[in-house]
Amino acid sequence: MDKKSVIDILEEIGVMLELKGESESRARAYYWAARVISSLDVPLETLIAENKLKELKGIGKALSAKITELVTTGRLQYHENLKSSFPETLFELLKIPGMGPKRLKAVYDTLGIKSLGELEYACHENRLISLKGFGIKTQEKILLGIQQLKRYQGQYLYDFAQKEAEKILSLIAQHSKVIQSSVVSSLRRKVEVIKEIDILASTNDKMKVMDFFTSLKDIESVTVKGDAKSNVTLPLRYTQGQGQALNTGINVNLYTVSDAQFPYVLRYLTGSEEHNIAIRDRAAKMGFEMNEDGLFKDGKFIECKDENQIFHKLGLAFIPPELRENTGEIELAERDALPKLIEESDIKGTFHVHTTYSDGISTVAEMAEAAMKLGFTYLGISDHSQYAAYANGMKPDAIQKQHREIDTLNCKFDNFKIFKGIEADILPDGSIDYDDAILAAFDFVIASVHSKFNMTEEEMTKRNIKAIENEHVTMLAHPTGRLLLGREGYPVNVAKVIDAAAANDVVIELNANPHRFDLDWRYCKLAKEKGVKISINTDAHNLDELRYTYMGVGIARKGWLEAKDVINTMNLREVCDVYSR
DNA sequence: GCCGTTTTCGGCCCGACTGTTTTCAGTCG
């Protein structure tokens, strides 16, 4: 059993113990154990094999036995027994912001509420306010939270959808009857939130391919099976965003066409709808007829062997899928003036990485090694600052220790450098955590908001601008604080923030964590026009998350960014010139 | 359930914010 599932189960046991009215400390022991495990960087299997689980602080005899049972057998009898005494739907209520174990117990025990639907109804009937500790505002907040969850229903984070799609596409592509295949629609356009996975394949034997697709091992159910289109649902997996309480597994559509049709349908299914309408209008004005089956003039089929030729026939340069949103790409393609979008191979390094000095689970050295493996020539470490106590923010002595460690490591490297950075909190009044002397010791300073999200747009904009105007600040991180499918961003005037960044020569981060993708791609073009540089930052808290850099490149492309707009494309010497102190 | 002793039982937990209270409970990052 994987680590994430172990963590989920331990936390669920904690909640169930609280619901049962067991001692809070006992429940807390399970929460704590979950935290300890989440911060491990050795596999649980190793610890178990070496009988070292009990050495972890907070894991004693009982928890050690339970975790061992979980990891080795994939289940835990104690957990299953507990779980069978509660309605299955009860736990989805915990996904509501502001709803924790205590309030869950109150609505379950007193009102007998066991699902989101029942809770929503009870809110409408004003039944929550009768509960001790509940009032009008809490009830309103819960109702709002339920509505938000419903809005997020049926949506999936890009990272998750992309991984699922890749697995299926690789199987389809290997099938002997498949000639060409591709992911299409929003996933191909690299939209940040995905509703369905659509895959297109060309073949001379549609039914054979559909038989194969609908009988794949890892699918939950088959909804539709035809020779041109089939739809299956994948099993629900537990690796998704926090706002997905109501979700089932994601749907996958497979479309099959003849090989001659492939480029036309590839273009058509890639969309977007707005882009397709504009393209079709253009085709019509040029005397073409354009539909899913192909491109026609006077009823005659115009042969194109790929998408490039289709665009060419319409007097356009090839438009990369990411740009097909009808936001000016067609006009520029007509003048062959589309931007030369940034490529994954342009990336030389990344910034905004956490380590064990704050809330990361890997050491500075491990992170650097992982970055080198990706071919990076530099890495900007930026742990949390002291104000972020929840994230173990660094006190001044920790900073000194980290800097000494980085200096020692840097001496050992040839063509690689670790830059000393900090993710410093922007305090509610817009000032930056730490005094000037401490801030001056870093190569770069990332400023970000992690507290007091409930300001007005005007206050929050002012707060961010004041931070940008601080002479020590190099870049602004996750400008809206949004968590996709989890939390709306705080209100802030992004255009004004971009103006301030331009005026103060401050870089804006494109946070490449798929939960964030913040700066939103819709603002990247504006930042570029204003001359603001973008940094693709992973916000990695472990080794694996460094790969988010490449997802960030996808979003940067969607935001029209070129290599010269992104500071991660600078080589080591250039970064040294700009940032090293 | 874990830990650590003044060693077999009592305390355990960071701090801000919100909403409910009228001094604090619950949630969250």
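Lettering of chains follows the sequences in order, A, B, ..., and the numbering in each one begins at 1.
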Roughly how many Å apart are [M] and [N], using the [atom1] atom of each and rounding to a whole number?
| N | M | atom1 | value |
| --- | --- | --- | --- |
| B:dC17 | B:dG11 | P | 30 Å |
| B:dT20 | B:dA25 | C1' | 8 Å |
| B:dC2 | B:dT7 | C1' | 15 Å |
| B:dC14 | B:dC9 | P | 26 Å |
| B:dC13 | B:dG1 | C1' | 15 Å |
| B:dG10 | B:dT5 | C1' | 11 Å |
| B:dC28 | B:dT22 | P | 24 Å |

Which part of the nucleic acid does [X] contact within heavy-atom distance under 4.0 Å: base, sugar-phosphate only, or nothing?
| X | result |
| --- | --- |
| A:A62 | sugar-phosphate |
| A:L104 | nothing |
| A:K66 | sugar-phosphate |

Residues forming a side chain to side chain donor-acceptor pair (under 3.5 Å) with A:E120, sequence neighbours excluded: A:K150
What is the distance, rounded to the nearest whole Å, between atom [atom1] of [X] and atom [atom2] of [N]?
| X | N | atom1 | atom2 | answer |
| --- | --- | --- | --- | --- |
| A:E18 | B:dC13 | CD | C1' | 13 Å |
| A:L427 | B:dC17 | CG | P | 11 Å |
| A:Y490 | B:dG29 | OH | C1' | 14 Å |
| A:E11 | B:dT27 | CD | C1' | 14 Å |
| A:F453 | B:dC17 | CZ | P | 12 Å |
| A:K102 | B:dC13 | NZ | P | 15 Å |
| A:D359 | B:dC28 | CG | P | 18 Å |
| A:R35 | B:dC12 | CZ | C1' | 14 Å |

Neighbour count above 12 (heavy atom, 6.0 Å) for A:K20 NZ: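 More than 12 within 6.0 Å, yes.
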Could you write out each protein N or O paired with an N or O of nucleotides 19-22 of chain B at a distance under 3.5 Å?
| from | atom 1 | to | atom 2 | distance (Å) |
| --- | --- | --- | --- | --- |
| B:dG19 | O3' | A:T138 | OG1 | 3.2 |
| B:dT20 | OP1 | A:G135 | N | 2.7 |
| B:dT20 | OP1 | A:G135 | O | 3.1 |
| B:dT20 | OP1 | A:I136 | N | 3.2 |
| B:dT20 | OP1 | A:K137 | N | 3.3 |
| B:dT20 | OP1 | A:T138 | N | 3.2 |
| B:dT20 | OP1 | A:T138 | OG1 | 3.2 |

Salt bridge (Lys or Arg N to Asp or Glu O under 4.0 Å) between A:K102 and A:E24, intermediate numbers included: CA-CA 10 Å; A:K102 305 284 189 304; A:E24 201 178 310; 3.8 Å; yes
A:K452 or A:P97, whichever maps to the more 5' nucleotide of DNA chain B: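 Here A:K452 is the residue nearer the 5' end.
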Residue whose nearest DNA chain B nucleotide is more 5′ - A:P101 or A:K61: A:K61
Complement of B:dC2, any strand, by Watson-Crick or G-U distances under 3.5 angstrom: B:dG11
Distance-only polar pair, side chains of A:N513 and A:E545, donor-acceptor under 3.5 Å: no
With sequence neighbours excluded, residues passing ring-ring contact (aromatic ring centres under 6.0 Å, His included) with A:H354: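 Only A:H352, A:H384, A:H541 meet the ring-ring contact (aromatic ring centres under 6.0 Å, His included) criterion with A:H354.
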Closest contact, heavy atoms only, A:F351 versus A:V575: CZ-CG1, 4.0 Å
Aromatic plane relationship, A:H478 with A:H450 - under 30° parallel, 30 to 60° tilted, over 60° perpendicular: perpendicular
Side chain to side chain donor-acceptor pair (under 3.5 Å), paired with A:T355, selected from A:D383, A:T363, A:N542: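 That would be A:D383; it is the only one of A:D383, A:T363, A:N542 passing the side chain to side chain donor-acceptor pair (under 3.5 Å) with A:T355.
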